[in-house]
Protein chains: 2
Amino acid sequence: MGVSLKDIAERAGVSLATVSNVVNGYRPVGERTRQRVQQAVDELGYSPNLSARHLRRGRTGLIALAIPELNNPYFAELAEIAITEAAGLGYTLVMENTAADRGAELALLGGSRRNTIDGLILSPVRIGRQEVLSRTADTPLVLIGEGVYDVPHDHIAIDNVAASHAAIQHLVAIGRHRIAFIGATPGGDRQSAHLRVRGYREALAAAGLPYRSRLVARTDAFGRLDGKRAMRDLLALGDPPDAVFGYNDLVAIGALRALAEAGHRVPEDVAVVGIDDIEEGRFSTPTLTTIAPDKGEIARLAVRRLIARIEGAEVAGPLTVQTPFRLIRRESTGTPGG
Amino acid sequence: MGVSLKDIAERAGVSLATVSNVVNGYRPVGERTRQRVQQAVDELGYSPNLSARHLRRGRTGLIALAIPELNNPYFAELAEIAITEAAGLGYTLVMENTAADRGAELALLGGSRRNTIDGLILSPVRIGRQEVLSRTADTPLVLIGEGVYDVPHDHIAIDNVAASHAAIQHLVAIGRHRIAFIGATPGGDRQSAHLRVRGYREALAAAGLPYRSRLVARTDAFGRLDGKRAMRDLLALGDPPDAVFGYNDLVAIGALRALAEAGHRVPEDVAVVGIDDIEEGRFSTPTLTTIAPDKGEIARLAVRRLIARIEGAEVAGPLTVQTPFRLIRRESTGTPGG
DNA sequence: GCGCGGCTCTATAACGTTATACAGGCGATG
DNA sequence: CATCGCCTGTATAACGTTATAGAGCCGCGC
């Protein structure tokens, strides 16, 4: 099949080991022989057989990014950056779809892909601290996004409570008093939903506004349709909200749709804020005010940390890194001038 | 590190080869020994080292899906299905981002990943028949989506001309006369753009409408922003269009945004149609009429064909498969009742 | 002149798997 | 009873790479 080290060695009249050393610089090689080998490599068009290399090295060169939904634009944007970063560091990133399924998350955590991948970046939604702590697999693991804290693994995330707080603060600042939250999972195990509700409650309290449980809408999932349904229910209340904060941009966009169908004006009647800053929200009508996490920072940091662990490098600094976020004001909460 | 065949063999008191045969059924094994081996496998928790297997078999178990933009929801939806299908057939799918770059497409075609993957599904946008024909790599290749015809490879796509034709026909049917097209690349090499423009022209001709080159807007890329800019330019014409057909849903959504900003009503002043049926268009305001390709069929077919080729199976039927599409009427062209 | 260290390079043993060639046993067939 | 073929199982040679041990050579210092 392909050209192997042996072919190069014969061509250049040197030993196998020398070719290997030229190719990956493990030990120095004399200038003259180096050139001869290099020439043979170029002429025959050699590229190493990765399966063999990995077998020998005990690594596969693959890392997995496991996310709950590939379709969610937030994760798609994150994935794109992560793929590029990994490629730049000599690794191939494969996407793993957990479909927000607890069993799938547990399987990955337990090492179902142990022999396929060198490391795992996981965005957990249905598992918590306990499950992570009791894992036995020794594949390096980096957690992103959700609230699994105090575990001996790298964890990259925004401060969910603070982000939520900032969103509500903004709605308060533009004069809203009946602020709803869409995307709670009261009995559920979605960690970040709890955290975002907590931020919501804290911000209300800080503003001296009452917490009304009827304004906290639970959803089964976190897509556009879920947001739309929840908004419809909220509008059916005797005293509907004058502002809504969605668990994420998709939910918020679903809410926008429900408001449009019901003939309400945004932001005049109801203001809307989301989280994620997906591109869709920059082109919706109205455009969507949102909390923008630094996706580039999250993705790159996660990949770099993981690879550092794989390669046994010392990683400075704390395990948990909170990446910055900022509020981006758009039409759905009224432009600053108006 | 992990448990190897050898460990199992020792534990069960049989030879290496027998364990291998139990594990992957290459040759029959007696019932008694099979059970003993199976027990050892279960007890020690063995799973095969894929690098070694791949080295020996000459395959990696990886296939790549190379697309021009991971961020485009159309491709994200496609990718999700493809990943699942591939996993079901025992392969891992890795995403490769060509970023619509000609060099990247050529490199992949030329086999830059030869040693990493067993096969490639490519959505070409900057290369054509010639480039595919002159490729020397022997890795199985399946083309999807764009117009590279008459090449000795599997090719899964919708009939771009017919799809475009159907969209225009619909706009004609609801009484529009000045129909614009957004997303042409006159000098460019985007094949499907040419085909969709052709369908546009044919449908105009069939309806007895004149072709006006000023109503064909060229764009550099095919995202929301490109659609928005092009629409703005079209609105600046002395006699603006009363309908717009976008190269894809993203472009159409950008057009919707430009129309909203300029204060035009959709569909009363301008009707809008896209292609792809991405979920975003079911929640935009107004919702977007679109040509819906069968994404599940495209993705699954592409993966199945590729794997069949990799495994040397005979594949019945023609190389080129045109998958069905249908028009989905939504608010942006007026509901059927109104 | 001898020994020693440094510099290049070579030979070779793994890594864990699968496919091939082969060996032994046992029943059926002539 | 010899022969053939089938059924189980074994031994072993690859697959292509990298790391380790060591061989040869040269110059330097004693």
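Residue numbering restarts at 1 for every chain, and letters A, B, ... go by the order of the sequence lines.
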Using a 4.0 Å cut-off on heavy atoms, which residues in residues 32-44 of chain A reach DNA chain D? List them by number, or say none. none

Considering the terminal five base pairs at each end of the helix from C:dG1-D:dC30 to C:dG30-D:dC1, what angle separates the two local helix axes, rounded to 10°? 60°

Can you build the contact string for nucleotides 17-23 of chain D? Use B for base contact, S for sugar-phosphate-only contact, and - for no protein heavy atom under 4.0 Å. BBBBBB-

Do A:R53 and B:S51 have side-chain N/O donor and acceptor atoms under 3.5 Å apart? no

Between A:R305 and A:D154, does at least one N-O distance fall below 4.0 Å, as a salt bridge requires? yes

Return the CG to CG distance between B:L306 and B:D118, rounded to the nearest 0.5 Å. 8.5 Å

Select from A:S15 and A:L55 the residue whose nearest nucleotide in DNA chain C is closer to the 5' end of that strand. A:S15

Using 0.5 Å steps for rounding, measure from the CG atom of B:L141 to the CG atom of B:L109. 6.0 Å

Under 3.5 Å, is there a donor on one side chain and an acceptor on the other for A:T323 and A:D294? no

N/O donor-acceptor pair under 3.5 Å between A:T98 side chain and A:E105 backbone: no

Interatomic spacing from CD in B:E80 to CG in A:N72 - rounded to 0.5 Å: 10.0 Å

Could you state the atom-to-atom distance from CG of A:D7 to P of D:dC15 in whole Å? 11 Å

For B:E77 and A:N71, which I'm curious about, is there any donor-acceptor pair between the side chains at under 3.5 Å? no

Polar side chain donor-acceptor pair, B:Q39 to B:E43, under 3.5 angstrom: yes

Please determine whether salt bridge (charged side-chain N to carboxylate O under 4.0 Å, His left out) holds for the pair B:D101 and B:R126, giving the CA-CA distance in whole Å, both sets of side-chain angles, and the decisive distance to 0.1 Å. CA-CA 7 Å; B:D101 176 60; B:R126 290 290 161 83; over 6 Å; no

Is the phosphate of C:dT10 approached by A:T18 (side-chain N or O, under 4.0 Å from OP1 or OP2)? yes

